[in-house]
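Residue numbers count from 1 along this sequence. It should be emphasised that the depicted structure is a prediction, and the values quoted were computed from it without experimental measurement.
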Amino acid sequence: MIKKLYLPLVALLVLAFSSCGKMGELSPEYFTTNPEVLEAIGGKVPVTITGKFPEKYFKKNATVEVTPVLRWEGGEAKGQPASFQGEKVQGNDQAISYKAGGTYTMKASFDYVPEMAKSELYLDFKIKKGKKTYTIPSVKIADGVIATSELPTVSSANAAYGADAFERIIKQAKEAQIMFLIQQANLRSSELKAEGMKDFHKQVAIVAGDAKNYKLNKIEVSAYASPDGGLELNEGLAERRQENTAKYMNQQLKKGKIETNVDTKYTAQDWEGFQELVSKSNIQDKDLILRVLSMYQDPEQRETEIKNISSVYKTLADEILPQLRRARLTANYDVIGRSDEELNAAFDSDASVLNVEELLYTATLTNDNARKEAIYKKTIEMYPNDYRAYNNLGMMAYATDKAKATEYFKQAASKNANAPEVNTNLGLIELNNGNVANAETYLAKSTGANTADEALGNLYIKQGEYDKAVAAFGDTKSNSAALAQILAKDYNKAKSTLTAVKNADVYTDYLMAIVGARTNNADLVKTSMAKVAQKDATLAAKAANDREFAKYANEIK
């Protein structure tokens with residue numbers, strides 16, 4: 001009888017003791033993280049933690065505060081704590097059953113710093129039971145941090161170029177008009193001796209006589225009749241005006257020994273010219289006349305309706321119609337600019353003869369950076385208010401001297417703060433400095449710059465928008481484009497991009513090693529890291545702590 005009473009009593013004492021005792025250490029097996037290895041995304045290290053309090057663990061009158069802590073040598077970062085309570089605690093935290101236990105999910109995000117590359121994620125526990133507060137041992141639940149997104153590939157991005165508007169062949173036209181009296185087609189001496197005609201013939205002679213700098217393409221004769229008087233009358237009148245003017249023009253060309261084509265045409269009723277002159281005039285009932293033109297397409301009906309507006313027809317007859325009785329002469333020719341050789345020679349002998357477009361174009365004719373720089377500096381000296389030379393000097397400095405590049409870009413901005421090339425380049429500078437918000441402000445004004453999409457791709461990487469980055473880069477072959485593809489897990493495309501990078505550097509090789517690691521290609525890791533070691537021993541040493549290569553310690557030695 002005593003033995004039967006003894007055993008239940010012991011069980012009750014054990015239960016009472018355990019319910020009053022401290023909550024013990026938790027095993028790592030009760031926790032999972034997503035991702036399993038922490039990764040920097042958009043300058044943050046986000047993680048989702050799923051935890052479990054086992055059965056008969058969580059005291060009914062206890063509260064537990066769980067804090068995620070990312071620790072590395074010499075520092076740590078704490079995430080937002082979460083609190084849980086036992087069944088007998090009055091509060092608003094998640095309740096955990098003593099008998100059944102319970103699971104929970106909590107999120108944390110840490111601001112990335114480079115020291116996190118070799119770090120570990122722990123959970124700290126602070127327990128309060130009654131008036132007593134104590135801690136249990138921290139639990140390591142994950143390793144971190146894969147920081148591939150933080151690789152400084154933006155430093156080798158292509159800065160935007162301020163393009164020249166140089167045209168070697170510029171199409172020009174010289175015009176003159178011969179006016180006719182109403183219902184006449186004869187050329188009057190006063191018209192042929194007018195200053196406009198003299199200037200026309202003078203320009204034709206200059207163009208025809210200077211084959212080095214000009215090319216006379218053709219002369220057009222366009223004859224017109226005003227839209228009054230009926231179609232049949234005006235048809236013959238406009239045609240005779242065309243014939244007489246063409247005959248005169250051919251005589252002048254023969255006299256000056258100038259060979260070129262003379263193209264002719266005539267317009268019997270110049271309604272288009274009539275509408276243009278009326279719309280530009282201040283005559284009474286202008287809107288009514290224009291409305292008539294839009295309502296009726298038949299020429300005779302148009303003329304009738306306009307004549308019915310008696311209050312204004314005399315003004316039309318005196319001021320508008322006479323201007324339509326004409327023949328227009330147009331000399332079409334090309335202005336031929338300096339050849340590449342002549343531009344270089346002019347810069348060397350007397351740069352002052354070159355305009356800004358010629359100077360900027362001349363800078364594109366050399367691969368000698370010293371000469372290119374000299375041309376841009378001469379451009380600034382001669383045309384100090386043009387932003388492009390400042391911008392292009394900054395573009396040249398961007399790859400090797402970010403401080404110098406920044407100064408040039410700021411000078412360019414002082415000349416034209418809205419230039420898309422300048423905003424693109426200032427955006428790249430801000431990305432290099434880690435100022436993503438400032439970069440976004442600049443790049444919002446980059447549309448139209450030749451490398452705007454590439455700059456946006458780099459911005460999207462920093463924002464953790466990897467699919468957007470891939471789309472922005474398009475077919476660009478750069479380290480940053482490959483980085484975006486790696487982060488978007490398109491490793492075949494990344495490998496192809498890296499192979500095609502024109503000016504491969506140490507980060508090209510480093511990224512190729514990452515492709516190898518992520519595709520389980522040990523040979524690619526080994527050969528790529530060997531190249532890294534040859535180019536930059538410091539970067540090769542850092543690879544030893546890069547979680548990307550956790551499985552390849554032997555290949556990166």
Distance check, rounded to the nearest 0.5 Å: Gln463 atom CD versus Leu456 atom CG?
9.0 Å
N/O donor-acceptor pair under 3.5 Å between Asn435 side chain and Leu431 backbone:
no
Under 3.5 Å, is there a donor-acceptor pair between the Asp350 and Ser352 side chains?
yes
For Lys377, what residues pass the side-chain contact (heavy atoms from CB on, under 4.5 Å) criterion, not counting sequence neighbours?
Glu373, Leu393, Tyr408
Heavy-atom check, side chain of Arg388 versus side chain of Val422, under 4.5 Å:
no
Contacts of Phe473 meeting ring pair (Phe, Tyr, Trp, His ring centres under 6.0 Å) (sequence neighbours excluded), chain-then-number -> none
Side chains of Gln269 and Arg302 in contact at under 4.5 Å (non-hydrogen atoms)
no
Determine whether a donor-acceptor pair (N or O, by modelled atom type, separation under 3.5 Å) exists between the side chain of Thr379 and the backbone of Ala389.
no
Answer with yes or no whether the side chains of Glu220 and Asn332 bring together a donor and an acceptor at under 3.5 Å.
yes
Asp228 side chain to Ser226 side chain, donor-acceptor N/O pair below 3.5 angstrom:
yes
Which residue pairs pass the salt bridge (charged side-chain N to carboxylate O under 4.0 Å, His left out) test when at least one of the two sits in residues 484-500, sequence neighbours left out?
none
Show me the donor-acceptor pairs, under 3.5 Å and distance only, between side chains in residues 531-545 and residues at least two apart or in other chains.
| from | atom 1 | to | atom 2 | distance (Å) |
| --- | --- | --- | --- | --- |
| Lys535 | NZ | Asp509 | OD2 | 2.7 |
| Asp536 | OD1 | Thr538 | N | 3.1 |
| Asp536 | OD1 | Leu539 | N | 3.1 |

Test item: Gln323 side-chain N/O and Glu319 main-chain N/O as donor-acceptor pair under 3.5 Å
yes
Salt-bridge present (Arg240, Glu243; N to O < 4.0 Å):
no
Just checking, any donor-acceptor pair under 3.5 angstrom between side chains of Thr508 and Asp505?
yes
Counting only N and O atoms by type, is there a donor-acceptor contact under 3.5 Å from the side chain of Lys286 to the main-chain atoms of Ser281?
yes
Side chains of Glu235 and Tyr266: is there a donor and an acceptor less than 3.5 Å apart?
yes
Within-4.5 Å side-chain heavy-atom neighbours: Val204 and Tyr333
no
Heavy-atom closest pair, residues Ala449 and Ala160:
CB-CB, 4.1 Å
Do Lys502 and Lys477 have side chains that approach each other closer than 4.5 Å (heavy atoms only, starting at C-beta)?
no
In a table with atom names and distances, give each donor-acceptor pair under 3.5 Å that connects a side chain of residues 337-348 to protein atoms at least two apart or in another chain.
| from | atom 1 | to | atom 2 | distance (Å) |
| --- | --- | --- | --- | --- |
| Arg338 | NH1 | Glu358 | OE1 | 3.3 |
| Arg338 | NH1 | Glu358 | OE2 | 3.0 |
| Ser339 | OG | Glu341 | OE1 | 3.4 |
| Ser339 | OG | Glu342 | N | 3.2 |
| Ser339 | OG | Glu342 | OE1 | 3.4 |
| Asp340 | OD1 | Arg168 | NH2 | 2.4 |
| Asp340 | OD1 | Tyr361 | OH | 2.9 |
| Glu342 | OE1 | Ser339 | N | 2.8 |
| Glu342 | OE2 | Lys212 | NZ | 2.9 |
| Asn344 | OD1 | Arg371 | NH2 | 3.1 |
| Asn344 | ND2 | Asp340 | O | 3.4 |
| Asp348 | OD1 | Arg371 | NH1 | 3.0 |
| Asp348 | OD1 | Arg371 | NH2 | 3.3 |

With a 3.5 Å cut-off and sequence neighbours excluded, list the donor-acceptor pairs that the side chains of residues 173-181 form with protein atoms.
| from | atom 1 | to | atom 2 | distance (Å) |
| --- | --- | --- | --- | --- |
| Gln177 | OE1 | Arg326 | NE | 3.1 |

Are side-chain N/O atoms of Asp546 and Tyr510 paired as donor and acceptor at under 3.5 Å?
yes
Just how far is it from atom CG of Leu354 to atom CG of Leu359, taken to the nearest 0.5 Å?
5.0 Å
Can you confirm whether the side chains of Glu454 and Ser480 place a donor and an acceptor under 3.5 Å from each other?
no
Could you give the distance from CD1 (Ile206) to CG (Leu216), rounded to the nearest 0.5 Å?
12.5 Å
Strictly distance-based, threshold 3.5 Å: is any side-chain N or O of Asn261 a donor or acceptor partner for the main-chain N or O of Ile219?
no
When you measure from the side chain of Asn450 to the backbone of Tyr161, do you find a donor-acceptor pair of N or O atoms at a distance under 3.5 Å?
yes
Is the backbone N or O of Val525 less than 3.5 Å from a side-chain atom of Ser528, with the two atoms forming a donor-acceptor pair by type?
no
Mind checking whether Thr260 and Leu253 have side chains closer than 4.5 Å, heavy atoms only?
yes
Sort out for me which residue in Lys44, Glu150, Glu39 forms a side chain to side chain contact (heavy atoms under 4.5 Å, CB included) with Tyr112.
Glu150
For Glu276, does its backbone N or O pair with a side-chain atom of Lys280 as donor and acceptor, under 3.5 Å?
no
Any donor-acceptor N/O pair, Arg241 side chain to Tyr224 backbone, under 3.5 Å:
yes
Which atoms form the tightest heavy-atom contact between Ala472 and Asp453, and what is the distance?
O-CB, 3.3 Å
Gln411-Tyr387 side chain donor-acceptor pair, cut-off 3.5 Å:
no
Whether the side chain of Asn391 engages the backbone of Ala412 through a donor-acceptor N/O pair (distance < 3.5 Å, no angle test) should be reported.
no
Within the structure provided, determine whether Ile170 and Asp334 are in side-chain contact (heavy-atom separation under 4.5 Å).
no
